[in-house]
2 protein chains.
Amino acid sequence: MATTGTDMSRMREMNQLSIVWALRGHPPSTVTELARRAGLSRPAVDVLVQALVVDGWAEVEEPGGSSVVGRPARRFRFRATAGHVLGIDIGVHKILVMLSDLEGSLVRTVRRPADPQAAPEARLAAVDGVIDEVLRDAGMTPGDIWAVTVGVTGPVDATGRTTLSTPLPGWRAADPAAHLAARFSCPIQVENDCKLAAVAERWNGAAQDADDIVFLLAGLRTGAGLILDGTLRRGHGGAAGEIGALKAVRWLTAPGHLESCPGIPATAAPGEAAAWVFQAARDGDRDAKAAIRRYTRDLAVGVAALVLALDPQVVVYGGGFSRSADVILDPLRRELAKHCLRLPELRASTLGDESVALGAVRLALDEVDSRLLSDGLAAPAAPRR
Amino acid sequence: MATTGTDMSRMREMNQLSIVWALRGHPPSTVTELARRAGLSRPAVDVLVQALVVDGWAEVEEPGGSSVVGRPARRFRFRATAGHVLGIDIGVHKILVMLSDLEGSLVRTVRRPADPQAAPEARLAAVDGVIDEVLRDAGMTPGDIWAVTVGVTGPVDATGRTTLSTPLPGWRAADPAAHLAARFSCPIQVENDCKLAAVAERWNGAAQDADDIVFLLAGLRTGAGLILDGTLRRGHGGAAGEIGALKAVRWLTAPGHLESCPGIPATAAPGEAAAWVFQAARDGDRDAKAAIRRYTRDLAVGVAALVLALDPQVVVYGGGFSRSADVILDPLRRELAKHCLRLPELRASTLGDESVALGAVRLALDEVDSRLLSDGLAAPAAPRR
DNA sequence: CTGAATAATGCTGAGCAGTTTACTAATCCG
DNA sequence: CGGATTAGTAAACTGCTCAGCATTATTCAG
């Protein structure tokens, strides 16, 4: 614990930050309200917030129709558009780019299908194209972006590479951070998709109230992201949550139970077989229900391992299959109960397939915040690496 | 992130704390050295440290034989004896109580064997006896103790009970925190033994350099404690690390491979069978080596689950069997390699069976520190709950 | 033994940030 | 139009840190 000494300029910086924190996430506020929220006196807040306005971090909203007696107060608002961040999901089948302001409001979202077989260079070129489109639509340049976070499939090491394993063809040698660094001078972060989705569910999704979360990204592949004590846990080498690699955990073969269900029309594409099974189960099909039971039985072993290892409050079921959570959660819960000491809540994702990109946005915003805390508030500007 | 406003008195408090932090863990220091460490000016440090001396947090060491030219500097030292904490290990076979000063130096350690069959009341009475002995030897009263942490076997919930499971007879209904609260008015914490041992290994043991640690408490029972990003993780219900409850993980039966090893003398007590096998393996006995292989094969499944779930930097092998780590680590490492994506370092505990009590001391000290950070430095006194 | 050299201490004034208090300004309502 | 109410603002005050300089205690050379 390295408590470091403080002088008065640092104190002012901290107080200015506390005003920023009091402004954000609230409707436009009067000086009095800010003073109460930040625990400072009115005159002090007045001076600080004026400085924030001058620097461009805040803006005044001239008083509207105030229905109370007395002199109407100026209301100050955090200038969320002072900076923007990008959250990018590079998936096997799609590329999703989100542009967000500093408060997390999405300015622009563009989704493009991707060729599952595309080589890394082609995939990254496609990403560049989507980014260009987003920036053009928003009238921005790369210099306006303060942080970029990219979600990819597979465990991500400290350099932003996925050297251990990934289903994206050729991707083990790819270096998306280096690729983006050529265009963006701001901090660039690459992160595993499951981890980002977990972050998103805690931010805006199904687990906003929980501090200990296991997120399952369930689809034709299965992965997990872990949030403990409110913070994403990556593990020493960035490979936390890769319980699916354990042979005793049948995550690799679990979705096969769905695809091998009797009755699937021969015309169904590989990705559609599972959806057919889920629909059939909803309609009461016995074979489909049995297939789901087999799927959840295999899935539950790995989930139980995570639950027993981490004792989370909530397990969020997300990913492509989460649309069919209505027919999966109950069987899964029953299977889990057989293994666990204490059963956590089991919830369905509310963010669907936008969770990865949303989590990327959140992590990029966190990066901006941590720069603010360490470097203080100079006039708003894109941080450099 | 609730950044709160700061005024000048709070700033002084923080600076005083930063002086305390700069004093602790260093040899007696001059004002100049403190100023450098705390990032403050000499005059400021001078005033602050004098106040600390007046309040009893620090003491002056009159200059000894200084061999340098010039006026000899006063040297200040953290008054570690201003307060003390207790770390208590309530084991199945032993009770271990450690009295430590605020710097973590052990003042007094007393170990007593315990009856494995003792009922909770008898066990707690025995604990009281050991505590009395420790306090008497040190010339202290319960009022001199600032924090108490107790280690017990089994997952501990938020109230300090072990309602889920524990091998201590009748202990599920026991409430050691309430029992101790009758005598101590300071904060009392109950924690799982594996978790405490993990804390100790990071503090003073085999994993001081690591932030992500899986600690194995291996003996006739097997358990785990997790440290992630430098902090003990308890899980939402305090049951993190209980991977041994998973049926696919054969931790319950793993030690049986050792006890059923052919060649064990019939005279050996149950607890000594394992030790005999380890010694026989050292001497080259094939059966013993095979038994160890079977043991590590079963152990490795659960360890691999933890490693894959958390991706730690280090796995520490501790507990009763850790004395025989020389014949266990290599086979275990080989088995682990079969399961894991990335093999963490595997190390033997250096604290042996004192780790639980030491971890309890560390957690009690952490409790004191967090009180200091939140309540500030009044004159040193035992905090109340 | 004395005085120069050295290094730490202690003191004083300047500067800065936030608080308190009192006063002025703007609006609503009767 | 005046009183009530609330917001903004100026001045005095407190408390803190810092820089610089005088003071003090010690060593060492002559």
Side-chain angles (χ1 to χ4, degrees), chain A residues 3-23 27-55 58-77 376-377, chain B residues 3-20 22 27-54 58 60-77 376-377:
Chain A
T3 311
T4 181
T6 306
D7 71 347
M8 273 170 300
S9 64
R10 176 70 191 148
M11 176 170 96
R12 187 188 169 85
E13 212 167 66
M14 287 167 53
N15 283 345
Q16 210 156 4
L17 272 171
S18 81
I19 300 290
V20 169
W21 258 245
L23 279 169
S29 312
T30 67
V31 173
T32 311
E33 291 165 354
L34 290 175
R36 195 174 36 72
R37 275 209 286 274
L40 295 169
S41 70
R42 261 205 318 280
V45 172
D46 192 81
V47 170
L48 290 169
V49 82
Q50 309 249 15
L52 288 175
V53 170
V54 168
D55 284 350
E59 44 192 10
V60 199
E61 180 181 76
E62 285 310 325
S66 71
S67 58
V68 281
V69 248
R71 175 175 177 166
R74 295 166 303 177
R75 294 188 164 270
F76 295 88
R77 176 178 37 215
L377 303 139
Chain B
T3 312
T4 184
T6 305
D7 71 347
M8 274 168 301
S9 63
R10 174 75 188 140
M11 178 168 97
R12 185 190 169 83
E13 209 168 67
M14 287 167 52
N15 283 347
Q16 209 157 6
L17 273 171
S18 81
I19 300 290
V20 169
S29 312
T30 67
V31 173
T32 312
E33 290 165 356
L34 290 174
R36 195 175 36 73
R37 275 210 287 274
L40 296 169
S41 71
R42 252 205 328 273
V45 172
D46 190 81
V47 168
L48 291 169
V49 83
Q50 308 250 14
L52 287 174
V53 170
V54 169
V60 199
E61 179 180 77
E62 287 309 327
S66 70
S67 59
V68 281
V69 178
R71 177 174 178 167
R74 290 165 309 173
R75 294 188 164 269
F76 294 90
R77 174 178 40 212
L377 301 142

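Order of the sequence lines fixes the chain letters, A, B, ..., with proteins taken first and strands second; residue numbering starts at 1 for each chain. The figures that follow rest on heavy atoms only: side chains count, while hydrogens, waters and symmetry mates do not.
- With hydrogens and angles ignored, the 3.5 Å screen pairs no side-chain donor or acceptor of B:Arg75 with any backbone N or O of B:Glu61.
- Candidate nucleotides C:dT9, D:dT9, C:dA26 were compared by shortest atom distance to the side chain of A:Pro72, and C:dA26 ranks first.
- Between B:Leu34 atom CG and B:Asp46 atom CG the span is 10.0 Å, to the nearest 0.5 Å.
- Nucleic acid contact class of B:Met8 (heavy atoms, under 4.0 Å, all strands): base.
- Minimum heavy-atom separation, B:Ala51 to B:Gln16: CB-NE2, 3.5 Å.
- In this structure, B:Arg12 atom CZ and C:dG18 atom P are separated by 18 Å, rounded to whole Å.
- In this structure, of D:dA10, D:dT17, C:dG18, it is D:dA10 that holds the atom nearest to the side chain of A:Pro43.
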Stepwise side chain to side chain contact (heavy atoms under 4.5 Å, CB included) test for A:Arg12 and A:Leu48: CA-CA 8 Å; A:Arg12 187 188 169 85; A:Leu48 290 169; 4.0 Å; yes
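- We find that A:Arg36 and A:Glu33 are not joined by a salt bridge, their nearest charged nitrogen and carboxylate oxygen being 4.0 Å or further apart.
- Within the 4.0 Å cut-off from OP1 or OP2 of C:dT9, at least one side-chain nitrogen or oxygen of B:Arg74 is found.
- Distances were taken from every side-chain heavy atom of B:Ala44 (C-beta onward) to each of C:dT19, D:dC16, D:dC18; the shortest belongs to D:dC18.
- Residue whose closest nucleotide on DNA chain C sits further toward the 5' end, between A:Gly39 and B:Phe76: B:Phe76.
- The distance between atom CE of B:Met14 and atom P of C:dA17, rounded to the nearest whole Å, is 16 Å.
- Between the P atom of C:dA7 and the CD atom of B:Glu33 lies a distance of 14 Å, rounded to the nearest Å.
- Spacing between atom CZ of B:Arg75 and atom P of D:dA25 amounts to 19 Å, rounded to whole angstrom units.
- Scanning both residues, B:Val45 and B:Ala35, for their nearest heavy atoms gives CG2-CA, 3.6 Å.
- Contact check of residues 45-55 of chain A against DNA chain D (heavy atom, cut-off under 4.0 Å) returns A:Asp46, A:Gln50.
- Counting all heavy atoms, side chain and backbone alike, B:Arg77 lies closest to B:Val60 at NH2-O, 4.4 Å.
- Whole-Å rounding puts the B:Leu40 CG to D:dC16 P distance at 13 Å.
- With rounding to whole Å, A:Asn15 atom CG is found 5 Å from C:dG18 atom P.
- Note: CZ (A:Arg36) to P (D:dA7) measures 12 Å, nearest angstrom.
- Separating the CD atom of B:Glu13 from the C1' atom of D:dC16 is a distance of 14 Å, rounded to the nearest angstrom.
- Here C:dA8 is the nucleotide among C:dG18, C:dA8, C:dG10 with the atom lying nearest to any side-chain atom of B:Ala73.
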